[in-house]
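Counting convention: from 1, in listed order, for ligands and their atoms alike.
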Amino acid sequence: MNFPKGFLWGGAVAANQLEGAWLEDGKQPNVTDVMVGIGSKDPGLKWNEETGKWEMCLNPDKVYLSHEGIDFYHRYKEDLALMAGMGFNCFRTSIAWGRIFPNGDEEEPNEAGLKFYEDMFDEMLKLGMEPCITLSHYETPLHLLTEYGGWSCPKTIEFWKRYVTTVFTRYKGKVKYWLTFNEVNNLWKNAFVAAGALSITPEDKNDPLAISEKDRWQAYANILVANAWTVKLGHEIDPACKVGCMLTSSSVATYPYNCDPENVFGAYQSVRLANFYFGDPFCKGIVPGYMYRMWKENDCTPHFSEEDLQMIRDYTVDYFAFSYYRSGTYDKTIANGADTGGITGRPNPYLKGTSPEPWCWPIDPEGIRYVLNVLYDRYNLPLFIVENGIGLDENLDENHEIKDPFRVEYTRDHLIQVNEAIKDGVDVMGYLYWGPIDVVSAGTGEMRKRYGFVYVDRFNDGHGTLERVKKESYEWMKKVCESNGEYLEEDN
Ligand code: BGP
């Protein structure tokens with residue numbers, strides 16, 4: 001195989017999907033705390049006529065599994081040891097911004113939060129795993145939204161600069177790989193979660209998700225500026241660290257459904273409006289013309305000052321990190337759909353799905369080779385796969401075990417295509433499997449959609465012992481990581 005020496009092998013999770021302790025040690029609610037899953041249409045917010053603001057109002061009939069997660073907050077040493085036991089040399093998680101600045105606009109940070117992550121990163125390093133840390137994984141402090149409108153308000157840039165300066169300084173020398181905004185390119189369809197944006201002068205006081213296009217695209221502009229500041233501050237505070245962007249890039253594998261020129265251009269345009277519209281500013285320092293055209297035609301052009309545009313030009317990212325789960329198709333005759341896996345569209349007759357479940361995604365290993373080549377050709381930056389994995393409805397068998405050959409097949413087939421991309425000349429930094437331990441699903445807010453090489457005993461209704469059990473795939477992944485991928489040759 002062709003995996004370079006020093007290739008990063010590991011797994012990825014997110015604070016809001018596994019830590020739990022949602023209000024412990026000073027933390028205040030963030031965006032995901034008021035949602036059962038990021039796809040839910042009714043966040044736990046209600047308009048208060050008295051104060052003239054949105055306020056948290058959770059639905060008593062719903063189970064917010066993320067509030068307890070898998071109790072990683074108290075069990076992370078045990079869990080990180082399980083991860084290192086697979087030969088991981090890298091582990092990705094996020095810092096919950098609301099543990100460091102609970103409401104987001106405080107002058108001083110919360111020491112308990114800073115200490116928690118310092119101990120966690122030290123534990124990773126002790127176990128031989130490089131921390132790869134996401135600064136915001138859908139975890140914008142809720143107060144920034146209800147008080148200011150979140151990212152649609154330029155004040156949030158200043159709060160963000162204070163947050164990243166604090167963590168870059170505190171974790172200098174510990175964290176080499178930083179990621180800015182997880183899958184921020186979901187902004188086009190989910191500004192509330194992806195961009196932490198909320199209208200504080202709502203037209204519809206019954207729908208917190210209703211946001212004007214003007215506010216949506218001003219959030220986009222503010223995030224581009226904040227991303228540039230993150231690169232600048234990261235390099236000034238810790239010259240040894242690398243700052244990358246993180247986009248969902250299943251959408252790059254959007255295939256024209258047939259050779260109708262309108263489907264060919266339509267598929268290409270779909271990729272630009274779902275992925276490159278962030279990749280181009282983050283990696284090339286330009287706000288693309290196809291965005292100005294779209295804004296003009298819809299009368300929602302955001303404001304960029306000359307300083308903003310200069311920052312965006314001067315401070316582009318060091319690498320491009322992305323998630324890949326599946327491909328999609330574009331057919332002009334039907335509307336484009338999307339979920340946490342990426343763009344949907346008409347089902348691809350050449351691909352089979354993961355499972356009969358509603359979250360059944362088509363399996364397309366060649367798609368990851370395609371995405372790696374397209375992104376490398378466009379941006380010529382090191383590429384880091386920081387999410388790829390398969391969610392399955394699994395349960396312990398009578399021997400208290402889980403045999404998961406499907407997960408081995410999915411992961412092997414994708415890694416073999418990553419190897420093909422490396423042979424194509426693509427500079428691939430590493431592969432982090434999404435959900436190496438069962439976590440709360442982002443899209444559906446379920447425990448039932450299990451990704452892990454390690455099972456966690458918790459169920460959708462919230463009950464469970466939280467016991468950890470290695471699945472059969474655990475030993476397979478250990479062989480792959482410890483052999484720097486060579487095992488894939490024997491095992492194929
Ligand atoms: C991505 C998120 C992750 C993860 C993944 C799988 O969008 O970055 O948080 O959840 O999707 O999606 P799901 O959990 O919905 O299966």
Side-chain angles (χ1 to χ4, degrees), residues 10-19 30-33 35-41 64-66 69-70 72 91-96 132-140 179-190 192-196 244-253 274-275 278 321-326 328 337-344 353-355 357-363 368 371 384-394 406-407 410-411 414 431-452 456 458 460:
V13 294
N16 76 84
Q17 291 176 251
L18 90 170
E19 282 181 3
N30 59 38
V31 165
T32 48
D33 288 327
M35 304 183 90
V36 170
I38 62 170
S40 60
K41 295 296 172 224
Y64 297 83
L65 288 175
S66 64
I70 61 168
F72 185 75
F91 189 77
R92 174 190 175 215
T93 187
S94 61
I95 293 174
C132 171
I133 304 304
T134 314
L135 289 158
S136 183
H137 197 120
Y138 303 145
E139 294 150 354
T140 308
L179 298 172
T180 52
F181 303 95
N182 179 75
E183 300 201 330
V184 67
N185 55 311
N186 279 325
L187 173 139
W188 67 274
K189 63 179 164 79
N190 191 342
F192 181 72
V193 172
C245 62
M246 192 292 183
L247 303 186
T248 167
S249 295
S250 301
S251 48
V252 174
N275 191 280
F278 267 106
F322 66 93
S323 61
Y324 174 84
Y325 290 95
R326 58 172 186 70
D339 57 32
T340 49
I343 300 272
T344 48
T354 54
S355 71
E357 282 302 329
W359 19 260
C360 164
W361 293 345
I363 298 178
I368 202 168
V371 168
F384 198 170
I385 302 155
V386 295
E387 290 183 26
N388 173 248
I390 181 168
L392 299 167
D393 184 1
E394 301 165 311
F406 209 170
R407 178 167 291 107
Y410 177 96
T411 310
H414 282 80
Y431 174 92
L432 304 184
Y433 176 91
W434 170 262
I437 184 168
D438 288 353
V439 298
V440 180
S441 154
T444 65
E446 292 184 270
M447 277 304 299
R448 192 166 62 94
K449 185 176 187 183
R450 299 179 185 282
Y451 279 88
V456 176
R458 192 164 192 232
N460 280 2

Review point. Heavy-atom contact under 4.0 Å between Thr248 and ligand 1?
Key: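 The answer is no: ligand 1 sits nowhere under 4.0 Å from a heavy atom of Thr248.
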Check your understanding: Do ligand 1 and Met246 have nitrogen or oxygen atoms that lie under 3.5 Å from each other?
Key ->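 Among all N and O atoms of Met246, none is under 3.5 Å from an N or O of ligand 1.
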Practice item. Return a yes/no value for Glu183: is any of its N or O atoms, backbone included, closer than 3.5 angstrom to an N or O of ligand 1? Key: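 Yes: some nitrogen or oxygen of Glu183 is under 3.5 Å from one in ligand 1.
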Exercise for review: Scan side-chain atoms only and decide if Asn388 and Tyr410 contain a donor-acceptor pair under the 3.5 Å cut-off.
Suggested key: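 Indeed, the side chains of Asn388 and Tyr410 share at least one donor-acceptor pair under 3.5 Å.
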Could you list the atoms of ligand 1 found under 4.0 angstrom from a heavy atom of [X]?
X	answer
Tyr451	6 (C), 12 (O), 13 (P), 16 (O)
Tyr138	7 (O)
Ser441	13 (P), 14 (O), 15 (O), 16 (O)
Lys449	13 (P), 16 (O)
Asn182	8 (O)
Gly443	13 (P), 14 (O), 15 (O)

Check your understanding: Between Leu432, Thr248, Leu247, which is the residue that forms a side chain to side chain contact (heavy atoms under 4.5 Å, CB included) with Ser323?
Key ->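 Of the listed residues Leu432, Thr248, Leu247, the side chain to side chain contact (heavy atoms under 4.5 Å, CB included) partner of Ser323 is Thr248.
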Got [X] and [Y] here, is their nearest side-chain heavy-atom distance under 4.5 Å?
X	Y	answer
Asn182	Arg92	yes
Tyr138	Val193	yes
Val439	Trp434	yes
Thr134	Ile95	no
Tyr64	Val36	yes

For [atom], grab the closest protein heavy atom and report residue, atom and distance to one decimal in Å.
atom	answer
atom 5 (C) of ligand 1	Tyr325 OH, 3.2 Å
atom 11 (O) of ligand 1	Glu387 OE1, 3.7 Å
atom 12 (O) of ligand 1	Thr340 OG1, 3.4 Å
atom 14 (O) of ligand 1	Ala442 N, 2.7 Å
atom 9 (O) of ligand 1	Gln17 OE1, 2.5 Å

Exercise for review: Can you see which heavy atom on Met447 is nearest to which on Arg450, and at what distance?
Suggested key: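 Heavy atoms only, the tightest pair is O-CG, 3.2 Å.
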Practice item. Considering non-hydrogen atoms only, spot the tightest contact between Ile385 and Ile368 and give its length. Key: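 Reported closest heavy-atom pair: CD1-CD1, 4.1 Å.
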Practice item. Please state which part of Ala14 comes within less than 4.0 Å of ligand 1, counting heavy atoms only: side chain, backbone, both or neither. Key: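 The answer is neither; Ala14 stays 4.0 Å or more away.
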Check your understanding: Would you call the rings of Tyr324 and His414 parallel, tilted or perpendicular if under 30° counts as parallel and over 60° as perpendicular?
Key ->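 Tilted, since the angle between the ring planes falls between 30° and 60°.
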